[in-house]
Amino acid sequence: MKLALPPVLLCHNGHQQNRDIPVVQPAAPAAQSLAFDFHTITWQADGFGFDATTGEFFTASPTALLVMQSLSEKLHRQQILDRITATFEVTRSTAERDLESFLAELAHLGLDDTAN
Amino acid sequence: MNSSPVIAVTGLHRGENPQPGSAVIRSLRRVYPELRIIGLVYDSLESGLFSEEDAPDAAFTLPYPSAGIDAFWNRLDAIRETECFDVLIPCLDAEMAPLVESPEKLRERGIHACLPSWQSFQARDKSKLTELCERTHCRTPQTIAVNDVNSLHQAAATFGGSVFVKGRYYEAQLASTPAAREAAYWHMIEQWGAPVLVQERIEGEEYNVIGLGDGRGHILGSCSMRKMLRTASGKGFGGMVVRDPQLDAIAQSLIAELRWNGPFELEFVKPDGPRSDYSLIEINPRFPAWCDFPSTLNCNLPAAALELALGWQPREPLRRATPGKFFIRHAIDMTGDIRDLAALTTTGQLIRQPSEPIAHAALTHNS
């Protein structure tokens, strides 16, 4: 499973993978929170996710984590963009393009029903 | 019956394809450390005999199943003259059929066991899975039983060529070419006899459910896991506990339909994709080799099976294992002694002695 960059989410099934995890540096500290659930995956603040129903585990970039947390809070796209641009050093147009791409990947994975 | 029951366990070899017996012993001793446990082995090199932690208190050799059922019962009677065990926990597929078929032979000897009925046992046979799954609305790969090479190739062609060729009791090989199919077919015939099963290949993640049925359609306890690591032959070498209501419901439905009594393992494959369904590959009528892992998570199914066989009240309740706990299998070397091999090979029995302390060189020099 591979999602568009820069928001990125990688699945680790326990099978060997040799992919580098792209790092997105936050320009300012992102809003820190405790664990949250997005669909069947429980995400930790450090970007590690575990799906108790499938036993799969994932890592997500800070941007992907922020987007999924926002979706779990039922935020609208414009609100998500506000949060991304407030947290990361990125133009709104770039953030918008990346967000669309990431949401398309979530849809492909069947994780889009909270997207709006 | 002995004042403290003596337990006999088979399947002690934990090699490339680990057998469950040593894991059963380890689980039993977690709850009942005082139990006397004997191992029934087919080979003097079964690795569990030499383990510091899992070894039985005594071991006796059994004749291979090819020697016939009379040889098996005669040997069991001879063993019981030396070590009159009260409970038998069979851990190998090939042993199950004769025991399940003749439970009265166990009863008349005063041997307790936790076994399914013959009807249940037959209904979960690899060749009957399709019918069982139709009754329980569970998906299963298409499977065809074959008895000759022509039928083998015809069945494989039906499934697109790349298929699993499976032994009647055990083993499966993925075969994608006619030559590979034939080699696998003859291997299975030689090892397990006819028929050989040809199964449609479904790619995806593999999930297993271990559990204990009460014989009335209920599951007394279970643990589900996803295989995290697989050997070249597809055996799970690591697994992660999962909790999926859909998987639980399928397991409950199958065990209720079978009215399964005793230990079981359900093997599933789930094709990749967000909305795919579990597909039942097979049902093993015994504990699997990973049965001690749930025991470390307060779900000790071997101990519960012993209590069920003896009609005892459970000493510990069976709890649900927490998702996220996982096991990784770790192969180590163990030390044996030629005297143990000699005893088993010549007399067919080995009574374990306490290990001798190894003298430290420094102490030897000082003394």
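Just so it is clear, the values below take in all heavy atoms, side chains as well, and ignore hydrogens, waters and symmetry mates. Each chain gets a letter, A, B and so on, in the order its sequence line appears, and its residues count up from 1.
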More than 12 heavy atoms from other groups under 6.0 Å of CZ on B:Arg329: yes

Exercise: identify the closest heavy-atom pair between B:Asp244 and A:Thr53: CB-O, 3.5 Å

B:Phe326, part contacting chain A, at a heavy-atom distance under 4.5 Å: neither

Main-chain N/O of A:Ala52 paired to B:Arg243 side chain as donor or acceptor, under 3.5 Å: no

Over 12 non-hydrogen atoms of neighbours within 6.0 angstrom of CZ in A:Arg92: yes

Non-hydrogen atoms of A:Thr54 and B:Val242 that approach each other most closely: C-CG1, 3.4 Å

NZ/B:Lys235: more than 12 non-hydrogen atoms of other groups inside 6.0 Å: yes

Heavy atoms of other groups near A:Glu100 CD, more than 12 under 6.0 Å: yes

